[in-house]
Colleague: 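I'd like to ask some things about the structure below.
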Amino acid sequence: MLQLVRLPGGADGANHTRRLECGGLVVGLFEDVSFDEGTVQLEPGDLLAAWSDGITEPENEYGVEFGEARLLQLLQHNRQRPLHEILSE
């Protein structure tokens, strides 16, 4: 899954998420597979995040998945911080 997260500071100042819909099967699972291609113009302030379901689908002790909404919230909250600070938490 590839997700483009556009937050304030983008060219239009909007706060929204845009999913890149092009793609195909899981990368590396099968040989000789073709993938759709697409393009998107990134603007200053945009954040491009890529992840697999291994990030969003794990469950806590109550059976609740981490979820895409929570991941996007974390990306929005931490987008201005250096990566080394985020990883050290």
Colleague: Quick one: closest heavy-atom pair of Ala49 and Leu75, and the distance?
Modeller: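 Minimum heavy-atom contact is CB-CD1, 3.7 Å.
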Colleague: Distance check, rounded to the nearest 0.5 Å: Thr56 atom OG1 versus Trp51 atom CH2?
Modeller: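 Going from OG1 on Thr56 over to CH2 on Trp51, the span is 7.5 Å.
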Colleague: Leu74: what forms a side chain to side chain contact (heavy atoms under 4.5 Å, CB included) with it, not counting sequence neighbours?
Modeller: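 For Leu74, the residues satisfying side chain to side chain contact (heavy atoms under 4.5 Å, CB included) (neighbours in sequence not counted) are Phe66, Asn78.
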Colleague: May I ask you to check whether over 12 heavy atoms, not counting those of Glu61, lie within 6.0 Å of atom CD?
Modeller: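 Enclosed: over 12 neighbouring heavy atoms sit under 6.0 Å from CD of Glu61.
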Colleague: Do other residues, nucleotides or ligands put more than 12 heavy atoms under 6.0 Å from Gln73 CD?
Modeller: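 At most 12 heavy atoms, drawn from other residues, nucleotides or ligands, come within 6.0 Å of this atom.
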Colleague: Measure from the side-chain N and O atoms of Asp53 to the backbone N and O of Glu57, and report whether any donor-acceptor pair falls under 3.5 Å.
Modeller: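 Not a single qualifying donor-acceptor pair exists.
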